[in-house]
Amino acid sequence: MTTTAPPSRRPRRSGVSPSLRRYGAALKSPRGLVGIIVILVLALLSVSAPLLFPDGYDVQSSESLLAPSFTHLFGTDELGRDIFVRSLYGLRTDFSIIVVAVPVSMILGTILGLIGALSRVAGTIVQRVLDIILGFPGLVLGICIVLVVGPGWVSLVIAITISGLPAFGRLARAALMSQMQREYVTAAETLGVSRLTVLGRHILPNAIDPILVQGAVFVVQAIFIEAALSIVGLGIQPPQPSLGALLNVGTRFINQAPTYILGPTVLLLLLALAFSLLADALNETVNRK
Amino acid sequence: MTRFLLRKLPSVALVIVVSSIIAFLLPRLAPGDPAAALAGADATPEQVAAIREQSGLDDPLIAQYINWITGIFRGDFGNSYIFQRPVAELVLDRLESTLELAALATVIMIVVGLTLGILSGSPRAKVSRGVLDVLNTLLLATPPFLTGLLLILVFGVTWRLLPVSGEVGLLENPEIGIQYLLLPAFALALPQAAVVARLVQTSMQNVRGEDFVDLAFAKGASPRRITYRHVLRNSLGTAVVAIGLRIGELLGGAIVIEAIFARNGLGQLAVQAVQDRDYFIIQILILGAVILAVLIQIITEIALAALDPRIRLEA
Amino acid sequence: MKLYPRSDRRAAGILVAGVAALTAIALAGCTSAVSGGAGPISTPVRGGQIVVAQPGDFQPNVILGGRTGNYPWIGNVFQPLTYIDPESGTPEPVLAKDWTFADDGMSVTFTLQDDVTFHTGRPMTADDVKFSFMKTTEADSGSQVGFIAKQFSSIDVASPTSLTVTFSQRLSEATIFDFLEQTYIVDQETYAGLADGSQVVGTGPYKWGTYRPGTSITLERFDGYWNAAAGGQYADTIEIDKLADSTAQLSALRSNGANIAYNLGLTDAKGFESQPQYTTIDAGGTIYPFGMDVTKAPFDNPKVRQAIAYAIDRDRINDQVFAGGGTVTDLFWGADAPGVTDDQVNHYAYDPEKAKQLVEEAGATGAEVPITVVALPAIQSEYEIIANNLTAIGLAPTAVSVDETTFNSLQNQANLGPAFLLLHSQVGLGPSTLISSLPSLRANNPSHFDSPEYQDLRNNLTSAASDEENEKALGALTEYILEQAWVVPIVQAPYKVVSSTDVQGIGVSKRGNLLLNDAYISE
């Protein structure tokens, strides 16, 4: 068994921050390693899609619903387009949603959760609002947002961001509550250190671990929301592909071309799995401290 | 406990009032209205206007909201614009389908979740442990609709063992009904089962570290006895709470599963109501879901306190 | 670290077995929900239940308007005065025994069948017919043919079985029969009960039974049916299930959960064509046109509109979007309509070169073309092909996606934007009716197209006094619509009615309403 180094107690200023180092350790665990490699490979594929297939995702032909072959790895769709190419571009769409929606939701949620440090009343109100969002039937909230904003990338990002807020808000608040009772916070206050400084210096760093783990978990949920909205026809609009939209259309042809959804399903599964593994690994290292 | 509930009351009331307002406003912000859905695409502007006037859609928003709320206190949840029927009747009609799905999914979730959890929480060889781990992560990462699609591909298209969509009520024909229910219930339950399994596993590993387990081991109790008599029994509290929480999630997940398997349940009703702007149905379903979530939260807090005297109920 | 011997697996095995047993209960049962099977063809059998699976919404509140969700059941509960025979195109008597048009084309007199009773037991009279006709003129009836009744200056009831309708202007016989085809005779005493489906009373062979809104309707044989002596009414009950999803319909049909799948997805329907134990019938259908707002550039130029008509690859759309089951046409009416030439049907054969040239001539190369697309699978796929076609001729199409209700709302207000993809479920109506009932062609159309010439051509058609005049008027109007091209039909796709061969004797009206009086389950 490898021995785990005791968490470093050195002052912050010298070199890499200890928390970053811990996250690095997470990536060395087998789960973390597999997770991050898969994510990197998928990201690379999606970034290089326009280079690999410069003709784009909408090259139609009369050869519809072909089975997978060497020319068309995943077969062709109902309009004779290569499903492999569309899947890669779809992956790209999903990444573009994740990259925007997840961090935004994370930051907004954390801010909302920490508001309680500034005003008790505001904190309670925010928590109740987050309760409401949490209580909303997920897909219905998503559909309503899409209808108000109009279907497409923007409304997907908004829907995903909002649905992530409660979890991040609660985690931040939990960390806040546990730290507020510590002596050092009281001490700092008596010394006249401002609330905001305490918040930024001490409470936030303590909240960041669970929030990051939740971030990785939330990516999986974000993918799920994208696909779920596509299933009711309100996700990314054609001809642009997304993994969810491909699954949605593919399901309609499940009796004529069962292989249609195979490729996109595998990609979606890989993506979700990789982020799950990463979340697991982060969770383990974070809890080990 | 009464004090706890009393202190909770104002914030619960606030949550309910605010969600009723959101539930009322949100669907109305979307373009189009039930008159357009009802009249169809080929209708003339006059036909739509006639329907609007007839259904009271031209009344001021505040009046419509107050009408709705006062109606609820009289037990009148409003009439569906599309079906022209009382909303309560429509909701009750779809309840059976969703309850059947959620009930079977709960059973599967408990059985699969506990099995997986106990298996991975018990000491075993590295290989089987690895396999269990991978299986669990896989289930955890796969969203219900994907599990659904995979199940459809395997059991519905490749082998044609089970019907992939539609439904027959269990009360109507149990033998056929269960066949329609199996795939969606599994799809819904498996990811949640993985969560339960994970919690049971962690909790069992923690309990195993306690002194009384060492004692039992020293006394020469068989591993099986230790696992089931000592470790499992003391881990069940977590499991019960986890399962309670998951049931709420199951109901939420049912929406997508119903869409994939074409079941006429509450989820489908909700999705269709939003698309048709059938306001009263959306409103009551959203409000119901929020109240359910609040209830589950309170019950969980009480249950946790009951299980662990160290936790005190605070508002 | 502590090491324990491997634990006993048996107990866990029991839990696993629990799940397996649950599965086994269902799989090992004697009835399976997944099994196909064909029955031999035999003579009509009385009894049993016919189950129809269909995707539309039931709308008992819109009996007088044509609604796809009502098509599978409405013709069994309600009856019109006449049905047009889908084969021959001639009107056949139903509730009307006989009719006489005045020589000047300004009135018609109907003689009704004797002894017709509603499901309530009340005899139907000419007053009920008058009531039904008048109702179609009210906006909330939803009738697409109400504009015809608005041209009735008076309806005179001479006796319980006779009435005369007088027109304010000359109306062709075809127009009247289109009106009758869609106007079911309703019971004035229970008309209010239609709104919530609590009382749905007609004169047909089956009466309204259990109704679960949005889920199912059960129809029961009506014992007091006026025409019972003519045979039929074989099934005891008819159940109509709503299955929103084509895959669900398909599995219902395969598993014998339904005998008939009405309006099955065209791709799924095609899969059944090669299977001998299923029969496919085409019924009614939907017209899919591409519309342009002639007040907005670049569509204010007829050349651009014509270019678009040439640019669209209709055959590929039919093959890939409608599984080859539709009819490729440039017209809103059938190719067999009198006065229409073959050249008109294929006026805009796919010709991207010519289209590109027209766009260049109009100086519209590179123009942005936002197309309003409703989030329905067929329309979205259709858009994808059209977008490809338009890009090929030098235009820059983009999709403006909206959900169905928003789309309805925009279409009602004739506010769909510069270009849009439409769908009209009105196949089966005649040209003289379609020019007023189709939003694409009616006076207040979303293309904002109007001209004195168009008005004249329309009037010529609606008031045509003879077959000859009718032919001439339709030919001229067709030519004009093709030339102006503010709206370009792409495909007409029928509803596919797929039935297992256990069910025989299924009838379909011209509009696509399912008629199950003569249907029976052969054992």
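Convention: sequence-line order gives letters A, B, ...; per-chain numbering from 1.
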Given that the side chain runs from C-beta out, which part of [X] has a heavy atom under 4.5 Å from chain C: side chain, backbone, both or neither?
X	value
A:Q256	side chain
A:L147	side chain
A:D58	both

Legend entry - Contact residues of residues 92-104 of chain A (partner chain C; heavy-atom separation under 4.5 angstrom):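 Listed by number: none.
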
Legend entry - For chain A, the option from C:I385, C:D319, C:D403 that forms the most heavy-atom pairs under 4.5 Å: C:I385

Inset, instruction - Give the minimum heavy-atom separation between A:Q237 and C:A375, together with the two atoms involved. - result: OE1-CB, 4.5 Å

Legend entry - Heavy-atom closest contact (C:F322 atom, C:V491 atom, distance): CD1-CG1, 3.9 Å

Considering only heavy atoms, which portion of [X] lies under 4.5 Å from any heavy atom of chain A: side chain, backbone, both, or neither?
X	answer
C:N388	side chain
C:L376	neither
C:A399	side chain
C:D313	neither

Inset, instruction - Begin from the C-alpha positions of C:V373 and C:Q380 and carry the test side chain to side chain contact (heavy atoms under 4.5 Å, CB included) through to its verdict. - result: CA-CA 7 Å; C:V373 180; C:Q380 287 181 326; 4.1 Å; yes

Inset, instruction - Would you sort out whether C:R314 and C:D330 count as a salt bridge (charged side-chain N to carboxylate O under 4.0 Å, His left out), showing the intermediate values? - result: CA-CA 9 Å; C:R314 294 178 173 76; C:D330 289 345; 3.1 Å; yes

Legend entry - Residues forming a side chain to side chain contact (heavy atoms under 4.5 Å, CB included) with C:E353, sequence neighbours excluded: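 C:E353 satisfies side chain to side chain contact (heavy atoms under 4.5 Å, CB included) with C:D351 once adjacent residues are dropped.
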
Inset, instruction - Would you check if there is a donor-acceptor pair between the side chains of A:E226 and A:S242 at a distance under 3.5 Å? - result: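 Judged by distance alone, the side chains do pair up.
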
Inset, instruction - Using a 4.5 Å cut-off on heavy atoms from C-beta on, say whether the side chain of C:Q320 contacts that of A:L65. - result: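 Side-chain contact under 4.5 Å: no.
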
Inset, instruction - May I ask you to decide if the ring planes of A:F84 and A:F74 are parallel, tilted or perpendicular, using 30° and 60° as cut-offs? - result: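 A:F84 vs A:F74 ring planes: perpendicular.
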
Legend entry - Parallel, tilted or perpendicular, as decided by the 30° and 60° cut-offs, for the rings of A:F253 and A:Y260: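 Geometry flag for A:F253 against A:Y260: parallel rings.
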
Inset, instruction - Kindly determine whether C:Y350 and C:D315 satisfy side chain to side chain contact (heavy atoms under 4.5 Å, CB included), including the steps that lead there. - result: CA-CA 8 Å; C:Y350 179 52; C:D315 285 312; 5.7 Å; no

